[in-house]
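A quick write-up on the structure given underneath.
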Amino acid sequence: MEKIFKLKENGTTVRTELVAGLTTFMTMAYIIALNPNLLTNFRAEGTDLWNGVFLATCLASAVAMFCMAFLANKPFALAPGMGLNSFFAVVVTNIAGLTGMTYTASFQTALIIILIEGIVFIVLSVLNVREKIVNAIPLGVRLGIAPAISLMLMNIGLGSNASIYSDTGGPFFVMRDFFGALTPSVAQTTMGSGYAPMVLNVVTMFLGLFVIVILAKIGVKAAVLLGMLAASVVYWIGSFAFLQTNPFASLKEASFLPPFADMASTTLFKFNFAGLADIGWFTVITLVITFCMIDMFDTIGTLVGTASQVGMVDEKGNMPKMREALLSDAIGTVAGACTGTSTVTTFIESTAGVEAGGRTGLTALTTGVLFLACMFIAPVAAVIPAAATSSALIYVGVLMFKGLSKIDFDDIDQVLPAALMVIGMPISGSIGHAIGIGMIAYTILKVFTGRAKDVSVLTYVISLLFLLKFFLIV
């Protein structure tokens, strides 16, 4: 392990890396079931396709994380990206409506777009183009990435990650519908049968958060993991005692055998090339560009923000082996297309493992192995309550928020892009889009204050591409 991952050089140990990998896994294990749910309309498209996407999620994520471990030696975890998978599902639905193909045939057509995207990224990564794009990001935008991600993490933790549905509708969120209600009776009326589960979610996530903070404050390295475990126990007890439900009921009828036959028949190398002609090459090119831009800047934002948070950057703010890290996500995307899932990207939940002490590829390797194991033990991973993982997301978000202190608030060139990103990222739900807004703001500010020469050519190009993406690409 020392020879492969250079543990001593990075100030870590095998035990720390394993705990960090497990921590990251627990915060992002939700994607294993959620991704196939989103891509198959919550099994509406049949169990066979769901099973295929489920296995593809585990396999493609593991491949990407193994690449991150051995090529880049970085602790970042990868999986099919949230937002990108929802967009992919919309694209598949639109293809089906446009061509009259079945959802599965449209799905197999859309996988070709993901394959092209991944191949383009591999070429750009090998040629160092993506790394040059990273280096072209202005200082104000770079400094704004970490605090913007922090608010996005907290927004996810307090919002969608632990949302509640009930007989009166939903989703209901902790801040908006529980703390935002005028009185408890109003919240109870609004949420109906979801009120009791919401109360349990609130208690679970905040108890977990304070356990993490207290343990971290007294120097316990596994604070995040232990906090999530404590929160999980509280949730399980609460489910039995107050909701009269068994949180482990899903284990009774669960299958622990990977459905390889379903994947082979629906998603594994099932590319529907004939379907591309039906949707038109202009549409294909437009979709490839859109997926590329969102994925590129989501990944760049996560890598830069997380690396800068824990000092994995040099004196110029650049992360060593950035090219290898970007190549890992490109290879993961190709693996995802070949097995049957949407774009694979670096997850912001990686920050939980980094905060737990993860500094090398052994963290990513650990998380990857656990994703592979989930082909057999997915039902076990599913009993981890979302509210418990919210505790970790909120805590890491709080820690990353201190990145605001690095911004020179007397320099509007730094403040404007950073401020727009900090508010834009949690609201839009997209790291890439927020970076685009920051880049555009920086460029306009420089041009119209007589300092156009301070802006690099590549920054102009990126800003123009984002303007086209926001206003012209359909």
Side-chain angles (χ1 to χ4, degrees), residues 22-23 25-38 40-44 47 50 54 155-215 224-257 374 376-395:
L22 178 58
T23 301
F25 169 76
M26 290 185 67
T27 61
M28 62 184 288
Y30 67 87
I31 196 65
I32 295 170
L34 182 56
N35 191 54
N37 280 345
L38 290 173
T40 65
N41 295 327
F42 290 82
R43 296 183 189 258
T47 302
W50 193 97
F54 161 72
N155 188 48
I156 293 172
L158 292 165
S160 59
N161 190 60
S163 58
I164 294 291
Y165 289 84
S166 73
D167 56 343
T168 59
F172 299 111
F173 302 121
V174 170
M175 283 298 177
R176 186 190 70 188
D177 300 296
F178 183 80
F179 290 109
L182 293 176
T183 64
S185 60
V186 171
Q188 189 168 8
T189 300
T190 301
M191 288 183 270
S193 61
Y195 181 72
M198 175 62 77
V199 172
L200 181 57
N201 270 5
V202 171
V203 172
T204 297
M205 69 169 61
F206 280 101
L207 186 144
L209 173 63
F210 287 117
V211 169
I212 292 172
V213 171
I214 292 170
L215 291 178
V224 176
L225 178 59
L226 293 175
M228 282 193 290
L229 289 174
S232 296
V233 171
V234 169
Y235 184 89
W236 294 330
I237 293 174
S239 295
F240 279 115
F242 301 107
L243 303 183
Q244 283 76 52
T245 59
N246 180 4
F248 307 109
S250 61
L251 297 178
K252 294 180 180 179
E253 300 179 357
S255 173
F256 293 86
L257 296 177
C374 271
F376 301 91
I377 61 170
V380 177
V383 302
I384 302 171
T389 64
S390 286
S391 303
L393 296 177
I394 297 168
Y395 173 68

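All residue numbers refer to positions in the sequence shown, counting from 1.
In this structure, the side chains of Pro171 and Ile164 stay at 4.5 Å or more apart for every pair of heavy atoms. Side-chain contact between Asn155 and Met175 is absent, with no heavy atoms from C-beta onward closer than 4.5 Å. Looking at heavy atoms from C-beta onward, Asn35 lies out of side-chain contact with Phe54 at the 4.5 angstrom threshold. A 4.5 Å side-chain heavy-atom check between Tyr195 and Pro184 finds at least one atom pair inside the cut-off. A heavy-atom distance below 4.5 Å is found between the side chains of Val199 and Phe178. A 4.5 Å side-chain heavy-atom check between Phe25 and Ile32 finds at least one atom pair inside the cut-off. Contact check for Thr389 versus Ile384: side-chain heavy atoms found under the 4.5 Å cut-off. With a 4.5 Å cut-off on side-chain heavy atoms, Tyr395 and Val224 count as touching.
Between the side chain of Ser390 and the backbone N or O of Met205 there is no donor-acceptor pair closer than 3.5 Å. Under a 3.5 Å cut-off, the side chain of Asn201 and the backbone N or O of Ala162 do form a donor-acceptor pair. Side-chain atoms of Ser163 never come within 3.5 Å of backbone atoms of Gly159 as a donor-acceptor pair (strictly under, hydrogens ignored). Proximity of a side-chain donor or acceptor of Ser193 to a complementary backbone N or O of Ser166 within less than 3.5 Å is not detected. Side-chain atoms of Trp236 come within 3.5 Å of backbone atoms of Val383 as a donor-acceptor pair (strictly under, hydrogens ignored).
Atoms OG1 and CE, from Thr168 and Met191 in turn, are 8.5 Å apart once rounded to the nearest 0.5 Å. If you take CD on Gln188 and OG1 on Thr183, they are separated by 9.5 Å, rounding to the nearest 0.5 Å. Distance check, rounded to the nearest 0.5 Å: OH of Tyr235 to CZ of Phe240 gives 11.5 Å. To the nearest 0.5 Å, the span separating CE on Met28 from CG on Leu393 amounts to 11.0 Å. The CG atom of Leu226 sits 13.0 Å away from atom CD1 of Ile214, with the distance rounded to the nearest 0.5 Å. Distance check: Arg176 CZ to Thr190 OG1 gives 10.0 Å after rounding to the nearest 0.5 Å.
Counting all heavy atoms, side chain and backbone alike, Ala230 lies closest to Val211 at CB-CG1, 4.3 Å. Heavy-atom minimum distance, Ala196 versus Leu243: CB-CD2, 3.6 Å. Across all non-hydrogen atoms, the minimal contact from Thr204 to Leu200 is OG1-O, 2.7 Å.
Counting heavy-atom neighbours within 6.0 Å of Phe242 CZ, excluding the residue itself, gives a total of 12 or less.
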